[in-house]
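First up is the structure itself, then whatever we jot down about it.
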Amino acid sequence: MSAKIYRPAKTAMQSGKAKTHLWVLEFDQESPRKIDPIMGYTSSGDTRQQVKLTFETQELAEAYAQRNGIEYRVIAPKDPVRQVVAYPDNFRYTRTQPWTH
């Protein structure tokens, strides 16, 4: 039984950063998914894939995994790099690319 510990990125649908401060422990897929021949649904007998545990800090998530004997890997969060751009920069005379419509 193995799992990954990560901090989720913000959703693309909204500009807010709700639920991005929590760390998530998510179990890896143990058995492959199967396609039902009659209905075409995808199913799996592995119910651990449905479990997502949230923790306040990375250390708490790691402690939980160690306490329960779960192999884990930590995926480091990638914080976005913000570029500060001003509207008047579009019309600078020292602009390297020509301004076109």
Side-chain angles (χ1 to χ4, degrees):
M1 175 169 53
S2 62
K4 64 180 176 180
I5 297 173
Y6 64 96
R7 195 175 79 197
K10 76 175 195 68
T11 63
M13 299 304 291
Q14 295 179 347
S15 61
K17 293 186 178 185
K19 298 183 184 176
T20 59
H21 66 281
L22 297 175
W23 286 82
V24 177
L25 184 137
E26 186 176 89
F27 292 98
D28 293 330
Q29 182 175 343
E30 299 257 336
S31 61
R33 295 180 183 260
K34 300 173 193 149
I35 298 176
D36 184 61
I38 297 173
M39 297 298 289
Y41 296 147
T42 304
S43 64
S44 175
D46 185 17
T47 57
R48 286 193 198 115
Q49 290 178 291
Q50 301 171 5
V51 177
K52 285 186 181 180
L53 302 173
T54 57
F55 299 91
E56 291 291 325
T57 63
Q58 177 183 350
E59 291 78 21
L60 288 173
E62 289 178 4
Y64 176 83
Q66 290 171 357
R67 193 170 50 244
N68 291 303
I70 301 169
E71 291 181 31
Y72 66 92
R73 64 186 185 284
V74 177
I75 300 172
K78 296 179 183 175
D79 293 325
V81 177
R82 303 285 181 200
Q83 293 181 350
V84 179
V85 180
Y87 180 71
D89 291 342
N90 293 329
F91 308 103
R92 274 193 334 239
Y93 66 90
T94 59
R95 185 180 168 114
T96 57
Q97 297 177 353
W99 185 82
T100 60
H101 292 298

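Just so it is clear, the values below take in all heavy atoms, side chains as well, and ignore hydrogens, waters and symmetry mates.
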Path from V74 to L53 over hydrophobic side-chain contacts below 4.5 Å: yes
So which pairs with a foot in residues 38-81 pass ring pair (Phe, Tyr, Trp, His ring centres under 6.0 Å), sequence neighbours left out? F55-Y64
Rounding to 0.5 Å, atoms CG (D28) and CD (E71) come to a distance of 9.5 Å
Please answer: with hydrophobic residues joined when any side-chain heavy atoms are less than 4.5 Å apart, are V51 and I70 in the same cluster? yes
Between the CD atom in Q58 and the CG atom in L25, the distance rounded to the nearest 0.5 Å is 11.5 Å
Decide yes or no for M1 and F27: does some side-chain heavy atom of the first lie under 4.5 Å from some side-chain heavy atom of the second? yes
Are side-chain N/O atoms of E62 and Q66 paired as donor and acceptor at under 3.5 Å? no
Separation of L60 CG from W23 CH2 (nearest 0.5 Å): 11.5 Å
Just to verify, what does A86 make a side-chain contact (heavy atoms from CB on, under 4.5 Å) with, not counting sequence neighbours? P88, D89
Can you name the residues that form a side-chain contact (heavy atoms from CB on, under 4.5 Å) with V81, not counting sequence neighbours? none
Quick one: salt bridge (Lys or Arg N to Asp or Glu O under 4.0 Å) partners of R33, sequence neighbours excluded? none
Give the table of side-chain donor-acceptor pairs shorter than 3.5 Å for residues 5-13, with sequence neighbours excluded, one pair per line with atom names and distance.
from: Y6; atom 1: OH; to: E26; atom 2: OE2; distance (Å): 3.2
from: R7; atom 1: NE; to: T20; atom 2: O; distance (Å): 3.2
from: R7; atom 1: NH2; to: D79; atom 2: OD1; distance (Å): 2.8
from: K10; atom 1: NZ; to: Q14; atom 2: O; distance (Å): 3.2

Partners passing side-chain contact (heavy atoms from CB on, under 4.5 Å) against S31 (at least two apart in sequence or in another chain): S44, D46
